[in-house]
Amino acid sequence: MNDDNSRDLYDRALSVMPGGVNSAVRAAIEPYPFFVQKGDGGHVIDADGNRYVDWVMGLGPLLLGHDLPDPVQASIQQKASEGPMYGTPTEVEVDLAEFVVRHVPSVEKIRFVNSGTEATTSAVRLARGYTGRNKIVVMQGGYHGAQESTLVEGDAETPQPSSAGIPQSFSEHTLPVPFNDEEAIRKVFEEHGDDIAAVLTEPILGNYGIVYPEEGYHEFLREITDEHGSLLIFDEVITGFRVGGLGCAQSEFGVTPDLTTFGKIIGGGFPVGAIGGRAEIIEHFAPSGDVFQAGTFSGHPVTMAAGLETLQFAAENDVYEHVDGLGEQLRSGLSEVLADQAPSYTVTGTASMFKVIFTRDGPGRDSLEEQCSAGCRQNPTCPRYDSCPKNAADVKNAETERWRRVFWGKMKAQNVFLSQNQFECQFVSYGHTEDDVEETLEAYKHAL
Ligand SMILES: *Cc1c(COP(=O)(O)O)cnc(C)c1O
């Protein structure tokens, strides 16, 4: 596979951009990432003309794939050609807000921003402003963007910044606990209950191997936050309008958070974020309330049009049926490949998300017929239950040099583009086909 153009572009990029990229994970590929020239349905074509089945899909936003349907395309182009933005409101912001309020029951009001990071930053500030409390409980291995309050590692006793440039004194207001661990949550509420503004969690850990919640976990979070007057914030930047269709993951789990952060799909492929929730809380944002929040580009007409038309297209077509169906085919096909070739590895994911975690121990291949074949569901009767990752530590334990040095490259050599590290998940789009699934399963067979 020729990659001269990508190599030369990366060489140029290294001279003018740190690590040659504009977002850290893109440089994870060794020795250098390929540069994309354009997308085509469920595929991308790189700067040297190589074509890949693309399961990265922009790391989540591209529910419809790279070929936007005509009404989406037309609406984007019209907004762009009318003078891109104005610094004063436009109708399309109201249209998209109404659409989200209509479909996501916990969202009575919404504010649009420009990235998932901005959404979680503003949600945390809002929760602190609304409750008058300082501390935020987060899940180890959860990701909420590149922001001061959540780039924190360690545990609730000894939280530390996970990046240089963040004062230790900031990280002390963030309490990381293991996902799926009710005892750990009880303990932080016993110690800090009066000062916990919110529990902030992804409904499914989507940036760390895909970890599914155990039965009852979210209900438990709902109850304990209610008991202590803290807010429950679901970060649905990945799962929003992907898991549970237009009702989002909260409808899938039947749990109503106080606040929800959105991003990715809600902007139809353009930069976006949003904070939605109970009107009484959202009203605390300026100018109706005293929690300052603003943005030059917020509610950008091109983004709003792309998001609205994307979601409307999904509402009127078989989008979720298509992507969830292919997701299921991928996950059950992968379970079969693994049972045969790598019985200790675990297939994870749900709806249109999937990943293979290179777990080291598991049941013998003989007992695998009864496993959750369409991705780990933390089902206690599954023979794989004890070895399925339940939290970040379990996923971390499965980290291996093999994934990075051998597996990813073998998939790329077979023209399959998987997410750039062993933690980020992969996405099915409306542009993918059954042929893409078959080609990918075949590639896994050779690469594993
Ligand atoms: C991607 C992501 C973010 C950050 O969104 P950006 O648009 O990259 O700032 C926040 N939370 C979750 C769950 C995400 O997946």
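Every number for a ligand or one of its atoms is a count from 1 in the order of the listing.
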**Prompt:** Applying a 4.0 Å heavy-atom criterion (strictly less than), which segment of His144 is in contact with ligand 1: side chain, backbone, both, or neither?
**Reply:** backbone

**Request:** For ligand 1, indicate whether the residue Glu118 contacts it via side chain, backbone, both or neither (heavy-atom separation under 4.0 Å).
**Result:** neither

**Request:** Keeping the roles fixed (side chain from Tyr86, backbone from Gly83), state whether a donor-acceptor pair exists under 3.5 Å.
**Result:** yes

**Asked** Can you check whether Thr158's main-chain N or O pairs, donor with acceptor, with Gln160's side chain at less than 3.5 Å?
**Response** yes

Would you mind listing which atoms of ligand 1 come within a distance below 4.0 Å of any non-hydrogen atom of [X]?
X      : value
Gly116 : 4 (C), 5 (O), 6 (P), 7 (O), 9 (O)
Asn207 : 12 (C), 13 (C), 14 (C), 15 (O)
Glu202 : 13 (C)
Ser115 : 7 (O), 9 (O)
Asp235 : 10 (C), 11 (N), 12 (C), 13 (C)

Quick one: look up the protein heavy atom nearest [atom] and list residue, atom name and how far away it is.
atom                    : answer
atom 3 (C) of ligand 1  : Val237 CG1, 3.8 Å
atom 9 (O) of ligand 1  : Thr117 OG1, 2.5 Å
atom 12 (C) of ligand 1 : Tyr143 O, 3.3 Å

Would [X] and [Y] pass as an ion pair if we require N to O under 4.0 Å?
X      : Y      : answer
Arg278 : Asp258 : yes
Glu283 : Lys109 : yes
Glu182 : Arg186 : yes

**Item:** Aromatic ring proximity Tyr217/Phe179, centre distance under 6.0 Å
**Value:** yes

**Prompt:** Does at least one non-hydrogen atom of Lys264 fall below 4.0 angstrom from an atom of ligand 1?
**Reply:** yes

**Request:** Using only heavy-atom distances, determine whether the side chains of Gln78 and Ser75 contain a donor-acceptor pair under 3.5 Å.
**Result:** no

**Message:** Given the ring of Phe354, does Arg331 sit roughly above its face, with NZ or CZ under 6.0 Å from the centre of the six-membered ring and within 45° of the axis?
**Reply:** no

